[in-house]
Novice: 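So that we are looking at the same thing, I have put the structure below in structure tokens.
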Amino acid sequence: RLLESHISVKVKEEFAFSLMNIFKIQEVAEDILADIVVHEISNNDNETLTFRGNSIATKAMESYIKMIGDKYLEGTLAPTLHDILASNLDLEVDPVKVSSSDVLHSHRQDLRNIVSIVWKRIANSHSIFPVPLQRCFHKIRQYLE
């Protein structure tokens, strides 16, 4: 915490990534990350700001999720995202940038449908969600209950 206000976001990212790599190799990443996150939450007066800042705890969580979850996310969402991009749907929902309210309504509906598809893919992928992330989130939850 003493360092946080004196180092840049970029340095925090690099520091957190390096630490999480070391902890992962030593097979203690889940425990240490859970401790760091719980400490951050415990010292945060405003719960709505949890994971919204640029703290080392937030950067450590981001790094670990990327390390462990990249393949999961790619495998879960890549086919759907490729289909969406190949569809050439116009999803513009800025009223200033569309030609009429009917077009805006249609774009909004298309966007809702896509979001629904993506959420269903995520929900249906629970059986392949990375076990290390499951354990880490479970430990954080246990600490906070």
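Computation of the quantities below employed the complete heavy-atom set of this structure, encompassing side-chain atoms and omitting hydrogens, waters and symmetry-equivalent molecules.
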Novice: Could you tell me whether the side chain of Ser100 and the main chain of Val103 form a donor-acceptor pair under 3.5 Å?
Specialist: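 Indeed, once roles are kept as given, a pair shorter than 3.5 Å links the two residues.
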
Novice: Is there a donor-acceptor contact under 3.5 Å from the side chain of Thr58 to the main chain of Asn54?
Specialist: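 A pair under 3.5 Å: no.
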
Novice: Between Ile65 and Phe137, is a side-chain contact (heavy atoms from CB on, under 4.5 Å) present by the stated rule, with each step listed?
Specialist: CA-CA 11 Å; Ile65 288 172; Phe137 294 146; 4.1 Å; yes

Novice: With distance as the sole criterion, is a donor-acceptor pair present between the side chains of His138 and Gln142 under 3.5 Å?
Specialist: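 Per modelled atom types, His138 and Gln142 side chains form a pair under 3.5 Å.
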
Novice: Can you check whether Phe23 reaches Asp31 side chain to side chain, under 4.5 Å on heavy atoms?
Specialist: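 No, every pair of side-chain atoms sits at 4.5 Å or beyond.
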
Novice: Specify the closest pair of heavy atoms between Met20 and Ala60, including all atoms of both residues, with the distance to one decimal.
Specialist: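 Heavy atoms of Met20 and Ala60 come nearest at CG-O, 3.6 Å.
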
Novice: Are any side-chain N or O atoms of Arg121 and backbone N or O atoms of Thr76, one a donor and one an acceptor, separated by less than 3.5 Å?
Specialist: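 Yes, the answer is positive, given that a donor and an acceptor are paired below the 3.5 Å cut-off.
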
Novice: Which heavy atom of Val93 sits nearest a heavy atom of Arg108, and at what distance?
Specialist: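 Taking Val93 first and Arg108 second, the nearest heavy atoms are CG1-CG, 3.8 Å.
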
Novice: Determine whether a donor-acceptor pair (N or O, by modelled atom type, separation under 3.5 Å) exists between the side chain of Glu40 and the backbone of Ser55.
Specialist: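 No, Glu40 side chain to Ser55 backbone: no donor-acceptor pair under 3.5 Å.
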
Novice: Mind checking whether Phe17 and Val9 sit in one hydrophobic cluster, side chains of I, L, V, M, F, W, Y counted as touching below 4.5 Å?
Specialist: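 Per the 4.5 Å side-chain linkage, Phe17 and Val9 are not co-clustered.
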
Novice: Would you check, one step at a time, whether the test side-chain contact (heavy atoms from CB on, under 4.5 Å) holds for Val37 with Tyr143?
Specialist: CA-CA 10 Å; Val37 168; Tyr143 282 130; over 6 Å; no

Novice: Where do Lys139 and Ala34 come nearest, in terms of heavy atoms and distance?
Specialist: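 Heavy-atom minimum between the residues: CB-CB, 3.9 Å.
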
Novice: Going from CG on Leu77 to OG on Ser125, what distance comes out if it is rounded to the nearest 0.5 angstrom?
Specialist: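 One finds 7.5 Å between CG of Leu77 and OG of Ser125.
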
Novice: Do any N or O atoms from the side chain of Gln26 and from the backbone of Val28 form a donor-acceptor pair under 3.5 angstrom?
Specialist: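 Judged by distance alone, no pair lies under 3.5 Å.
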
Novice: Does the side chain of Pro130 come within less than 4.5 Å of Gln134's, by heavy atoms?
Specialist: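 SC-SC contact between Gln134 and Pro130 ruled out.
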
Novice: May I ask you to test the Tyr64-Pro132 pair for a side-chain heavy-atom distance under 4.5 Å?
Specialist: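 Sidechains of Pro132 and Tyr64: in contact.
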
Novice: Mind checking the CD1-CD1 spacing from Ile41 to Ile140? Nearest 0.5 Å is all I need.
Specialist: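 Result: 6.5 Å between the selected atoms.
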
Novice: Would you check if Tyr72 and Ile122 make a side-chain contact, meaning some heavy-atom pair closer than 4.5 Å?
Specialist: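 Tyr72 reaches Ile122 side chain to side chain.
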
Novice: Please determine, by modelled atom types, if Ser63 and Glu13 share a side-chain donor-acceptor pair under 3.5 angstrom.
Specialist: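 No, no side-chain donor-acceptor contact under 3.5 Å.
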
Novice: Just how far is it from atom CG of Leu85 to atom OG1 of Thr80, taken to the nearest 0.5 Å?
Specialist: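 Between atom CG of Leu85 and atom OG1 of Thr80 there are 11.0 Å.
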
Novice: Hey, are Glu62 and Lys59 close enough for a salt bridge, meaning a charged N less than 4.0 Å from a carboxylate O?
Specialist: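 Between Lys59 and Glu62 there is a salt bridge, with a charged N closer than 4.0 Å to a carboxylate O.
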
Novice: How long is the span from the NE2 atom in His107 to the CG atom in Asp94, to the nearest 0.5 Å?
Specialist: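 Those atoms lie 12.0 Å apart.
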
Novice: Decide whether Leu91 and Val115 are clustered together by the hydrophobic rule: side chain heavy atoms of Ile, Leu, Val, Met, Phe, Trp, Tyr closer than 4.5 Å, transitively.
Specialist: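 In one cluster: yes.
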
Novice: Checking side-chain polar atoms at under 3.5 Å, does Asn43 have a donor or acceptor matched by the opposite partner on His39?
Specialist: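 Per modelled atom types, Asn43 and His39 side chains form a pair under 3.5 Å.
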
Novice: Taking C-beta and beyond as the side chain, do Gln109 and Arg112 meet within less than 4.5 Å on heavy atoms?
Specialist: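 Yes; the side chains approach each other to less than 4.5 Å.
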
Novice: Which atom pair, heavy atoms only, marks the closest approach of Leu104 to Glu92?
Specialist: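 What the structure gives for the nearest pair is CD1-O, 4.4 Å.
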
Novice: Is it the case that the side chain of Ser87 and the backbone of Ile84 share a donor-acceptor pair, with hydrogens and angles ignored and the cut-off at 3.5 Å?
Specialist: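 Yes, because the side chain of Ser87 sits within donor-acceptor range (under 3.5 Å) of the backbone of Ile84.
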
Novice: Do Ile7 and Phe15 belong to the same hydrophobic cluster, where Ile, Leu, Val, Met, Phe, Trp and Tyr are linked whenever their side-chain heavy atoms lie under 4.5 Å apart, directly or via other members?
Specialist: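 Shared cluster, yes.
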
Novice: Working to the nearest 0.5 Å, report the span between CD1 of Ile114 and CH2 of Trp119.
Specialist: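 One gets 15.0 Å once the value is rounded to the nearest 0.5 Å.
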
Novice: Can you tell me how far CD of Glu14 sits from OG of Ser8, rounded to the nearest 0.5 angstrom?
Specialist: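 The OG atom of Ser8 sits 7.5 Å away from the CD atom of Glu14.
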
Novice: Any idea which heavy atoms bring Ile56 and Lys12 closest together, and the distance?
Specialist: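 It is CG1-CG, 4.0 Å.
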
